[in-house]
Amino acid sequence: MPTDYYQLLGVSREASDADIKKAFRKLARELHPDINRHDPAAEEKFKEVAEAYEVLNDSERRAIYDRYGHEGLRSGGYEPSFSGFGNIGDIFEAFFGGGSPFGSVFGGGGTGQGGDAAIEVSLTLEEVATGVTRDLEIDLTATCSHCHGNGAEPGTPIETCPRCQGTGQLQAVSRSVFGQLVRMQACDRCGGEGKIAQTPCRICRGSGHETRAESINVEIPAGIDDGQRIRLSGRGHAGSRGGPSGDLYLLVDVQPDPRFERHGEDLVTRVDVPFTDAALGARLTVPTLVGDEQLELKPGTQPATLLRLRGRGLPQLRRRGTGDLHVVVNVLVPNNLNDEQRELLHRFRESANGDTYPAPKGQEGLFDRIRHAFRA
């Protein structure tokens with residue numbers, strides 16, 4: 001049985017168009033060959049989620065699918081519009097009017113533009129706070145050093161491609177609910193060049209490229225956030241026949257820090273305080289990204305009180321200014337008393353009166369206070 005389209009994208013049947021598009025782009029990034037090199041089925045999985053997106057992103061097709069399922073689409077003549085396409089780059093072009101968001105090292109074209117590449121960079125919050133320089137290694141396609149990119153064994157002739165008759169392009173026809181879709185795509189024999197080598201290069205086998213492990217040194221600015229991309233122009237895969245190289249994208253993955261929760265450039269941390277310290281006052285040890293700091297706790301501090309350490313958050317990306325660290329006071333109530341401690345608390349309760357405790361100040365909750373603190 002065909003897999004449910006909603007399950008493929010990981011969304012509910014009530015998902016909005018924006019949710020569906022967001023889910024598809026996330027899966028597309030995960031399944032892109034430049035990222036997912038260890039799963040040989042990545043491209044086929046991508047085609048499955050692309051088919052799901054093609055249906056659910058179209059209101060008419062989605063309505064048919066919701067009512068009649070896969071059988072309703074088939075009876076209406078629907079077939080994926082990319083069913084005859086040769087690679088992921090073609091599918092991205094059909095959906096978004098351009099190549100893959102990370103380019104493509106598949107297939108050819110007349111422009112000679114090299115494909116984009118991507119590599120994930122994992123950072124800690126401390127590295128986000130200061131910025132960091134990283135040495136990275138990535139496999140990139142480069143111009144073949146033996147044939148210098150023309151795909152032919154040195155000293156042998158280059159001939160007109162018999163499949164496309166030298167045009168470099170072929171017609172691809174596929175069916176959709178709107179009728180036949182005709183588009184031009186690069187010739188799969190000559191890669192869009194219109195010519196082929198009579199004797200292919202023994203090193204690159206006629207492709208004009210070879211894969212090399214490249215070392216790159218990159219500077220990642222302070223304040224960058226999880227999921228952001230850094231573009232390095234011209235550092236991607238080499239172009240064909242002397243064309244320009246593609247771009248290299250750094251995909252930023254900021255690792256969670258159990259001590260902090262991030263809100264833009266502000267951080268939130270929780271400090272546990274014995275109820276006696278909250279009542280009598282104390283000096284707190286508060287974790288920050290640059291080491292522990294001391295903070296004065298006033299007598300009578302209430303549970304969930306918010307304290308602020310200005311300038312102890314994260315820097316703003318490529319701007320002046322630094323966020324704050326908000327400290328949530330978590331008052332600990334004892335649950336394992338000995339007889340002496342219990343007796344003392346009984347005596348305290350008997351001696352307490354209306355002036356011992358603060359008057360209520362409304363029903364504002366912890367999250368409301370945090371939101372208000374961020375606006376301040």
Side-chain angles (χ1 to χ4, degrees), residues 28-29 31-38 40 42-43 46 85-93 96 98-121 134-159 161 164 166-170 184-219 229-251:
R29 192 182 91 166
L31 296 172
H32 190 278
D34 280 344
I35 301 298
N36 194 338
R37 302 183 182 187
H38 305 294
E43 186 167 348
F46 177 84
F85 295 174
N87 56 65
I88 286 180
D90 289 337
I91 300 171
F92 267 99
E93 185 175 345
F96 304 119
S100 156
F102 305 125
S104 175
V105 296
F106 301 102
T111 66
Q113 171 73 43
D116 294 342
I119 185 171
E120 192 170 74
V121 182
R134 283 285 179 83
D135 291 318
L136 304 174
E137 286 197 359
I138 182 173
D139 291 336
L140 295 173
T141 56
T143 300
C144 177
S145 58
H146 185 65
C147 68
H148 305 290
N150 67 14
E153 187 67 20
T156 63
I158 299 177
E159 302 174 337
C161 175
C164 66
T167 65
Q169 294 184 325
L170 297 173
M184 301 301 294
Q185 67 180 35
C187 174
D188 57 1
R189 176 76 180 274
C190 65
E193 295 296 332
K195 298 179 181 180
I196 58 174
Q198 187 181 76
T199 304
C201 171
R202 60 183 175 84
I203 300 298
C204 67
R205 298 182 180 180
S207 69
H209 294 97
E210 58 183 338
T211 301
R212 297 177 191 164
E214 300 284 349
S215 296
I216 57 173
N217 181 269
V218 297
E219 292 186 5
R229 299 189 301 170
I230 299 174
R231 176 186 175 188
L232 302 179
S233 181
R235 301 294 296 276
H237 297 292
S240 61
R241 305 303 191 268
S245 296
D247 299 331
L248 175 61
Y249 289 90
L250 307 182
L251 310 180

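Keep in mind it's a predicted model, so treat the numbers as computed, not measured. Only heavy atoms go into these numbers, but all of them, side chains included; no hydrogens, no water, no symmetry mates.
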Could you work out, with side chain to side chain contact (heavy atoms under 4.5 Å, CB included) as the rule, every residue matching Glu219, not counting sequence neighbours?
Thr133
Given side chain to side chain contact (heavy atoms under 4.5 Å, CB included), test Leu250 with Leu136 step by step and report yes or no.
CA-CA 10 Å; Leu250 307 182; Leu136 304 174; 3.9 Å; yes
Student check: side-chain heavy atoms of Ile138 and Leu248 closer than 4.5 Å
yes
Could you tell me the separation between the SG atom of Cys187 and the CD1 atom of Ile196, rounded to the nearest 0.5 Å?
8.5 Å
What pair of heavy atoms forms the shortest contact from Cys144 to Cys201, and how long is it?
SG-SG, 3.8 Å
Decide yes or no for Ser215 and Glu137: does some side-chain heavy atom of the first lie under 4.5 Å from some side-chain heavy atom of the second?
yes
Could you tell me which residues satisfy side chain to side chain donor-acceptor pair (under 3.5 Å) with Ser145, sequence neighbours excluded, listed by chain and number?
Glu210
Side chain to side chain contact (heavy atoms under 4.5 Å, CB included) filter on Ala152, not counting sequence neighbours, yields Asn150, Thr156, Ile158, Ala197
Tightest non-hydrogen contact, residues Cys204 and His209, listed as CB-O, 3.0 Å
Listed by chain and number, what are the salt bridge (Lys or Arg N to Asp or Glu O under 4.0 Å) partners of Arg202, not counting sequence neighbours?
Glu153
Tell me whether His237 contacts the main-chain N or O of Gly246 through its side chain, where contact means a donor paired with an acceptor under 3.5 Å.
no
Please check if atom CZ in Arg205 has more than 12 non-hydrogen atoms from other residues, nucleotides or ligands closer than 6.0 Å.
no
Who are the side chain to side chain donor-acceptor pair (under 3.5 Å) partners of Arg231, not counting sequence neighbours?
Asp247
Hey, is the main chain of Ile216 close enough, under 3.5 Å, to the side chain of Arg134 for a donor-acceptor pair?
no
Distance col, row Tyr249:OH vs Leu232:CG, nearest 0.5 angstrom, shows 10.0 Å
List for me each residue that meets side chain to side chain donor-acceptor pair (under 3.5 Å) alongside Gln169, sequence neighbours excluded, and say none if there are none.
none
Partner residues of Glu159 under the side chain to side chain contact (heavy atoms under 4.5 Å, CB included) criterion, sequence neighbours left out
Gln198
